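Worksheet: one structure, shown below.
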Number of protein chains: 4
Amino acid sequence: MFQLDVRSRKPIYEQLVDKIKELIINQILKPDEQLPSVRVLSSQLTVNPNTIQRAYRELEQQGYIYSIKGKGNFVSKINIVSNEQKLTELKIDIQKLIAEAIYLGLTKEDLYEIYEKAHPNKKSGSASFSPDKHKTQMK
Amino acid sequence: MFQLDVRSRKPIYEQLVDKIKELIINQILKPDEQLPSVRVLSSQLTVNPNTIQRAYRELEQQGYIYSIKGKGNFVSKINIVSNEQKLTELKIDIQKLIAEAIYLGLTKEDLYEIYEKAHPNKKSGSASFSPDKHKTQMK
Amino acid sequence: MFQLDVRSRKPIYEQLVDKIKELIINQILKPDEQLPSVRVLSSQLTVNPNTIQRAYRELEQQGYIYSIKGKGNFVSKINIVSNEQKLTELKIDIQKLIAEAIYLGLTKEDLYEIYEKAHPNKKSGSASFSPDKHKTQMK
Amino acid sequence: MFQLDVRSRKPIYEQLVDKIKELIINQILKPDEQLPSVRVLSSQLTVNPNTIQRAYRELEQQGYIYSIKGKGNFVSKINIVSNEQKLTELKIDIQKLIAEAIYLGLTKEDLYEIYEKAHPNKKSGSASFSPDKHKTQMK
DNA sequence: GTGGTCTAGACCACC
DNA sequence: GTGGTCTAGACCACC
C-alpha cells in the first residue's frame with residue numbers, strides 16, 4: 001500500500017490519481033486487474049470515500065481505468081484513442097522542464113541517466129496495493 | 001505579449017510566473033533587463049496590479065528576478081545558491097514525466113529531439129513583451 | 001493574544017510572521033498544533049483576512065507551518081532541509097549585533113545570561129493565542 | 001570604500017547607515033574624525049546626494065555622528081546618554097535571534113566562536129573610506 | 001468551514 | 001514613477 005502526504009499542497013485525490021497512474025504505467029497493476037473497492041481503499045487509507053471516488057472518476061476520464069457497475073474498477077488496456085495527443089502534450093511538458101533544468105545545469109549525461117531510471121520494471125517495486133494477492137493468484 | 005488563460009485551473013499569478021520564467025530561461029529576457037512595471041503590465045494584461053505584484057514577488061523569492069524599490073524589477077543573473085537542490089527536484093519531476101511518456105510510446109530518439117529543442121535561442125521566439133518593436137527596428 | 005503595532009514601519013504581516021515564529025520557536029505552539037483559522041485570527045486582531053493569509057503563506061514558505069486546504073494551518077515538525085543555510089545566515093546577523101553590543105558595553109557574562117534566557121520553556125510564557133484557557137483548565 | 005548592493009531589499013540609505021555605523025563601532029572611523037562630504041561620497045558611490053544626506057541625518061539622530069554647519073559631519077564620541085537603553089534593546093534582539101538559532105541547531109560553542117569573531121580590531125580591516133588618509137596623517 | 005485567488009482602490013516609501 | 005502594503009469584499013476548491 002502506498003503513502004499519502006496529507007500535508008502536501010497537492011489535493012489528496014490528485015495524489016491518489018498520480019500514485020495509481022504510476023502503478024499502471026510501471027505495470028505493477030496489469031490490464032483488467034481489479035482495483036480495490038472504494039470502501040476498502042477508503043478505510044485502508046483512512047480517507048473519505050468521496051475522495052477515493054473522485055480519484056477513480058478522474059482516472060476513468062483520463063482512460064487509465066474503466067468501471068463496471070456492480071463489479072468494480074479495472075485497469076484499462078492501453079488506450080489507443082487519445083494516446084497520440086497525450087504523448088504530444090507530455091513531450092511539451094517534458095521539454096519545458098528540461099529547458100529549466102538545462103538553465104540550472106542539467107547535462108546530456110544527466111538526462112541519459114534519468115531516461116534509464118525511468119524505465120518500468122527496473123525499479124525496486126516499492127508500491128503495490130496488496131503483494132499478498134499475487135501469491136494467492138498463484139494457487 | 002503572452003496569453004493568459006483566465007478560465008484555467010492554474011492561478012493567473014502562477015501562469016505569469018511560468019511564462020516569465022520561460023522567457024528568462026530561454027534568454028529572451030536578458031540578465032539585468034528591466035521587466036515592465038507592475039502598473040504597465042497590469043493594464044496591458046488587464047489583470048489587477050496585486051496579481052502582477054504577487055507574480056513578481058514569487059519570481060524574486062525563487063531567485064529569477066530582483067526588485068529595486070522605486071526603480072523596478074530586473075532579471076537576475078543566474079542564481080548559483082540553491083541551484084543544486086532545485087535541479088535535484090526537477091530531475092525527479094522529469095523522470096516521472098518521461099516514465100509516463102515511455103508508457104505512451106516515447107522513444108530514445110524522441111527524447112533526444114526534445115533535448116535539442118529545449119536549448120535556448122533555438123526556439124521560435126514566440127513570447128515577448130513587445131515583439132513588434134524588434135521587427136520595426138529591423139526595417 | 002499578541003499585540004500588533006499598526007503604526008510600526010514593520011508591515012503587519014511581517015509582525016505576524018515574527019510573533020508566530022517566536023511562539024513556535026519557544027514551543028508554546030507545538031508541532032502539528034492547529035493555528036487559528038485565517039478568518040478567526042483576522043477578526044480577533046481586526047486585520048484583513050488577506051494579511052493573515054499572507055503571513056501564513058510566508059511561514060509556510062519558511063517551513064514553520066504547513067497548510068491543508070479545507071482543514072487549516074498547522075505547526076511543522078522541525079524542518080531539517082534548509083536548516084543549515086538559514087543557521088549560517090543567522091550566525092552572521094547575530095555576530096553583527098553582538099559586535100554592536102560590545103561597543104556599547106556588552107560583556108561575556110551578559111551574553112551567557114542571554115544565552116540561558118534564550119532557551120525555550122524557561123521564558124515567561126507571555127504570548128499565546130488563548131492564555132486564559134490554560135489557566136482555566138488548571139483549576 | 002565600501003560596497004553597496006543596489007539589488008538588496010534594504011534601502012540604500014539604510015545600507016549606508018549600517019555600513020558607517022559598523023566602521024564607527026569597529027573604530028575604523030575614530031571619534032571626531034570627519035566623514036566625507038555628501039557631495040564627495042555621493043559621486044564616489046554614484047548615489048543620489050539626497051540619499052547620502054538622509055543616511056547622515058539618520059546617523060545623527062541615532063547619535064553616531066554630529067554635524068557642524070558649514071564644516072561637515074563628524075564621528076561622535078561614545079554617546080553616553082542613551083547607551084544603556086540601546087544596549088538593553090540590542091540584548092533583546094540578540095536574545096530573539098539566538099533563540100531562533102538554537103531552534104535551528106546553534107550550540108554554546110558556536111556562540112562562543114561568534115563572540116570571539118565579533119571583537120573589533122581582530123577583523124581584517126576591510127572597509128574604510130580612505131586608507132591613504134592614514135598615511136597622510138603620519139607625516 | 002477551511003484555505004486560496006482575485007479585483008478595485010487607497011496610501012506609503014523610495015528615488 | 002516605481003514597488004510594497006493593506007482593506008473590503010467576492011468567489012472558488014477541498015473536505
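As the structure is a prediction and not an experimental result, all values here were calculated from the model.
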Task: Watson-Crick or G-U wobble partner of dG4(E), both distances under 3.5 Å - done: dC11(F)

Task: Length of the line joining Asn48(B):CG and dG4(F):C1', which is rounded to integer Å - done: 14 Å

TODO: Give a yes/no answer on whether the side chain of Ser67(B) brings an N or O atom under 4.0 Å of OP1 or OP2 in dG4(F).
DONE: yes

- [ ] Grab the CG-C1' distance between Leu59(C) and dG3(E) for me, whole Å please.
- [x] 15 Å

- [ ] Round to a whole Å and report the spacing from CD of Glu14(D) to P of dG4(F).
- [x] 15 Å

Open item on the list: Please confirm whether the shortest side-chain N or O distance from Asn73(C) to OP1 or OP2 of dT2(E) is below 4.0 Å.
Closed with: no

Task: Earlier contact from the 5' end, DNA chain E, for Lys71(B) and Thr46(B) - done: Thr46(B)

Open item on the list: Considering every strand and a 4.0 Å limit on heavy-atom distances, what is the contact class for Asn50(D): base, sugar-phosphate, or nothing?
Closed with: nothing

Open item on the list: Expressed as a whole number of angstroms, how long is the span from Leu45(B):CG to dT7(E):C1'?
Closed with: 15 Å

TODO: Could you tell me the separation between the OH atom of Tyr56(C) and the C1' atom of dT5(E), rounded to a whole number of Å?
DONE: 18 Å

Open item on the list: Can you measure Gln53(B) atom CD to dT5(F) atom P for me and round it to whole angstrom units?
Closed with: 7 Å

- [ ] Ignoring hydrogens and angles, state whether a donor on the side chain of Lys71(C) or Gln34(C) is under 3.5 Å from an acceptor on the partner side chain.
- [x] no

Open item on the list: If you assign Val40(C) and Arg9(C) each to the DNA chain E nucleotide with the nearest heavy atom, which residue ends up on the more 5' nucleotide?
Closed with: Val40(C)

TODO: Hey, which sits more toward the 5' end of DNA chain F by its nearest nucleotide, Arg54(C) or Ile12(A)?
DONE: Arg54(C)

Task: Whole angstrom value for the distance that separates P of dT2(E) from CG of Leu41(C) - done: 12 Å

- [ ] Give a yes-or-no answer on whether the side chains of Asp32(C) and Tyr66(C) include a donor-acceptor pair shorter than 3.5 Å.
- [x] yes

- [ ] Salt-bridge test for Glu14(D) and Arg9(C): reply yes if a basic N is under 4.0 Å from a carboxylate O, no otherwise.
- [x] yes

- [ ] Would you mind telling me which residue lines up with the more 5' stretch of DNA chain F, Gly70(C) or Tyr13(C), judged by nearest nucleotide?
- [x] Tyr13(C)

- [ ] Apply the test side chain to side chain donor-acceptor pair (under 3.5 Å) to residues Gln3(B) and Lys19(B): give CA-CA distance (whole Å), side-chain angles for both, the deciding distance (0.1 Å), then the verdict.
- [x] CA-CA 9 Å; Gln3(B) 296 287 342; Lys19(B) 287 273 164 65; over 6 Å; no

Task: dT7(E) OP1/OP2 closer than 4.0 Å to side-chain N/O of Thr51(B) - done: yes

Open item on the list: Salt bridge check, Lys10(B) against Asp5(B): does any charged N sit closer than 4.0 Å to a carboxylate O?
Closed with: no

TODO: Mind calculating the distance between CZ (Arg57(B)) and P (dG4(E)) to the nearest angstrom?
DONE: 14 Å

Open item on the list: Is it the case that dG3(E) (base atoms only) and Arg39(C) (side chain only) share a donor and an acceptor within less than 3.5 Å, ignoring hydrogens and angles?
Closed with: yes

